[in-house]
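Written out below as structure tokens is the structure these notes cover.
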Protein chains: 2
Amino acid sequence: MIELTQSLAMQSAPLEPSDGVGIAQQLCQTLEDDIVTGKLPPGQRLEEPLLAKRFGVSRTPVREALQLLTASELAEKIPNKGVYVSLATPERLTAMFESMAELEGMCGRLAAKRMTSGERHNLDKLHHELAETVRLGDSDGYETLNRAFHNTLYRGTHNDVLVDVTLSVRRRVAPFRRVQFTSMSRLASSHAEHQGIVDAILRGDVSVAEQLLYDHIMAVHDISQDYLISLREASPANDMPAFK
Amino acid sequence: MIELTQSLAMQSAPLEPSDGVGIAQQLCQTLEDDIVTGKLPPGQRLEEPLLAKRFGVSRTPVREALQLLTASELAEKIPNKGVYVSLATPERLTAMFESMAELEGMCGRLAAKRMTSGERHNLDKLHHELAETVRLGDSDGYETLNRAFHNTLYRGTHNDVLVDVTLSVRRRVAPFRRVQFTSMSRLASSHAEHQGIVDAILRGDVSVAEQLLYDHIMAVHDISQDYLISLREASPANDMPAFK
DNA sequence: TATGAAGATGATGTATACACGATAATTTCC
DNA sequence: GGAAATTATCGTGTATACATCATCTTCATA
């Protein structure tokens, strides 16, 4: 628990406001990364004064960043009691992954119908680049390219709202999707699943694309569920205050 | 344009902070209502000092409320240039309704599979209550019950995340869904569509429930699209500043 | 007269200060 | 000695003040 407190209290880079965007967005991005990578574990309290001191800014942009996190459901705000990193129960995890699987399937179905030949070619190219990272065992590279692969699928729907919705859910599950890439065998099987997906999309097979993408996400769910349960057995009770 | 400015500048109820929740949430709710009802038209600028004066509060909770609106995509924030009520092009409208239709269909499919007998009974009861409002021509009552009807469907999925996502998209399309209820004939046909949906759900017919719900939403899309186009013909150019 | 630059005006972005509420520690009473 | 109440401390909620940026006006110049 000590290093966690340090990660909150320790001073970070000055975070100049002269950057392209505002301070709050940078803060939000940083906190989001820390949540996804596990530096800020679920249930962790996010105190404004501490964060303000850590980043060398006032509470105002910190509040804004915390509100952004809350809006994307990565954190929960309890009135007069502070903001906490969202806590995942096995039920919530299942709900998140099922939603993600449904959305991915939906995107795949629409993408198989609507993608231009250029977009289909791009998807195929990404798929081949992913093969390289699998061969090298480069899990970081795989994660990056994998994100691009799925993004391409989403955008293939040619529906900006659907892209937004899907991305918002993906951000929510990101902290739990990530664990899969630590396993090399999962890297390979993930890529194998992609193969069928790409084939289905390239030939415009909407129902197969939908089904395979659903299964693709649900496979990750099973892994994450196991991981979460093993975590909760290790540290039994997480004491996040309930609402009122 | 004069009455619009007034609706922003005119002082409103004092908005005491002693209420159940914070000031920002109340502000957000009020502004959301004003957007949905059309008092604040798309493209309208939302200036913090004006709103602060109108509600008799400082800029801080106003900023928070505007950020909440921005998070739900009802408004757009342009750095250093202010917050504006989201502007809908026909393309965005179609994207929103298609997403909504897909999500409703998905919810209907899962609800048809998972609803308890009690939940199915509730849905049927709401359907019969809706019949009453149609008979009376009570469009306000219909709108309220209709919301409850669809909410029951969403919750029937037993997936909180999916409920959240669906509700968030519904809030986004709300300003454009609303116009349908001004037409009496639409009230009747909407209710007629519900009949088939309820039947499919009660007998657990997943694919028919999904398809009928998709069509049900897309019917509203057609109406809204016509309405939007007629609007844009009336007032040609809406001058919302572009990003940079 | 048209055009462009400089100043004025006002809004947004950020920082600081105060008020309220919650939690925790200490004291007091049983 | 233990439990309940009171006070102390700290964080959140709100208000206000200052800095920065955008826009509009105005005046000078071509």
Side-chain angles (χ1 to χ4, degrees), chain A residues 5 8-9 11-31 43-71 75-85 239-244, chain B residues 5 8-9 11-31 43-71 75-85 239-244:
Chain A
T5 310
L8 269 180
Q11 189 144 303
S12 301
L15 264 197
E16 299 168 11
S18 60
D19 289 22
V21 294
I23 296 178
Q25 285 75 23
Q26 300 177 56
L27 280 174
C28 180
Q29 185 63 50
T30 303
L31 292 173
Q44 172 73 44
R45 182 172 184 180
L46 301 174
E47 296 178 57
E48 294 170 7
L50 271 177
L51 293 170
K53 188 152 265 183
R54 172 182 170 191
F55 292 103
V57 297
S58 78
R59 276 180 52 208
T60 307
V62 171
R63 281 181 66 81
E64 193 172 332
L66 291 180
Q67 203 184 341
L68 288 172
L69 280 181
T70 305
E76 291 182 29
K77 175 176 181 173
I78 304 176
N80 291 322
K81 296 194 86 179
V83 176
Y84 299 79
V85 177
D239 47 1
M240 185 165 136
F243 289 81
K244 299 254 168 189
Chain B
T5 310
L8 270 179
Q11 190 143 306
S12 302
L15 262 197
E16 299 168 12
S18 59
D19 289 23
V21 296
I23 296 179
Q25 285 74 22
Q26 301 177 54
L27 280 174
C28 180
Q29 185 62 52
T30 302
L31 291 173
Q44 171 74 43
R45 181 173 185 180
L46 301 173
E47 296 178 57
E48 295 170 8
L50 271 177
L51 293 170
K53 187 153 268 185
R54 172 182 168 190
F55 293 103
V57 296
S58 80
R59 275 182 53 211
T60 308
V62 171
R63 280 181 66 81
E64 194 172 331
L66 291 180
Q67 203 184 341
L68 287 172
L69 280 181
T70 305
E76 290 181 30
K77 176 177 180 172
I78 304 175
N80 293 322
K81 295 193 85 179
V83 176
Y84 299 80
V85 177
D239 46 2
M240 187 165 133
F243 288 81
K244 301 248 167 191

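The basis for the numbers below is simple: all heavy atoms, side chains too, and nothing from hydrogens, waters or symmetry mates. We name chains A, B, ... by the order of the sequence lines, and we start the count at 1 in each one. Everything numeric here is computed off the predicted structure, so don't read it as measured data.
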Find the distance between [atom1] ([X]) and [atom2] ([Y]) and round it off to the nearest 0.5 Å.
| X | Y | atom1 | atom2 | value |
| --- | --- | --- | --- | --- |
| B/Ile23 | B/Gln26 | CD1 | CD | 7.0 Å |
| B/Leu31 | B/Gln44 | CG | CD | 11.0 Å |
| A/Lys81 | A/Arg45 | NZ | CZ | 8.5 Å |

Between [N] atom [atom2] and [X] atom [atom1], what is the distance in whole Å?
| X | N | atom1 | atom2 | result |
| --- | --- | --- | --- | --- |
| A/Lys53 | D/dT12 | NZ | P | 14 Å |
| A/Leu50 | D/dG11 | CG | P | 7 Å |
| B/Phe55 | D/dA15 | CZ | P | 13 Å |
| B/Leu51 | C/dA11 | CG | C1' | 12 Å |
| A/Gln67 | D/dT14 | CD | P | 11 Å |
| B/Asn80 | C/dA11 | CG | P | 14 Å |
| A/Glu64 | C/dG13 | CD | P | 7 Å |

Where the side chain of [X] is concerned, which of [options] is the nearest nucleotide?
| X | options | answer |
| --- | --- | --- |
| B/Pro49 | D/dG13, C/dA11, C/dT23 | C/dA11 |
| B/Arg45 | C/dA15, C/dA11, D/dT14 | C/dA11 |
| A/Lys77 | D/dG13, D/dT12, C/dG13 | D/dG13 |
| A/Thr60 | C/dA22, C/dT14, D/dT14 | C/dT14 |
| B/Glu48 | C/dG21, D/dT14, C/dG13 | C/dG13 |

* **Closest non-hydrogen atom pair, B/Ala71 against A/Ala71** =>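 Shortest heavy-atom separation between B/Ala71 and A/Ala71 comes out as CB-CB, 3.7 Å.
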
* **For A/Ala24 against A/Pro61, the heavy-atom pair lying closest together** =>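 Looks like CB-O, 3.7 Å.
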
Report yes if some heavy atom in the side chain of [X] is under 4.5 Å from a heavy atom in the side chain of [Y]; otherwise report no.
| X | Y | value |
| --- | --- | --- |
| A/Gln67 | B/Leu68 | yes |
| A/Val62 | A/Phe55 | no |
| A/Leu66 | A/Lys77 | no |
| A/Leu51 | A/Leu27 | no |

* Asked: If an axis is fit to five pairs at each end of the helix from C/dT1-D/dA30 to C/dC30-D/dG1, what is the angle between the two, to the nearest 10°?
  ->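 Here the helix ends are tilted 0° relative to one another.
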
Would you say [N] has OP1 or OP2 under 4.0 Å from some side-chain N or O of [X]?
| X | N | result |
| --- | --- | --- |
| A/Lys81 | C/dT23 | yes |
| A/Ser58 | C/dA15 | yes |
| B/Arg63 | C/dG13 | yes |
| A/Arg59 | D/dT12 | no |

Review item, nucleotides 7-10 of chain C N/O atoms under 3.5 Å of protein N/O:
none

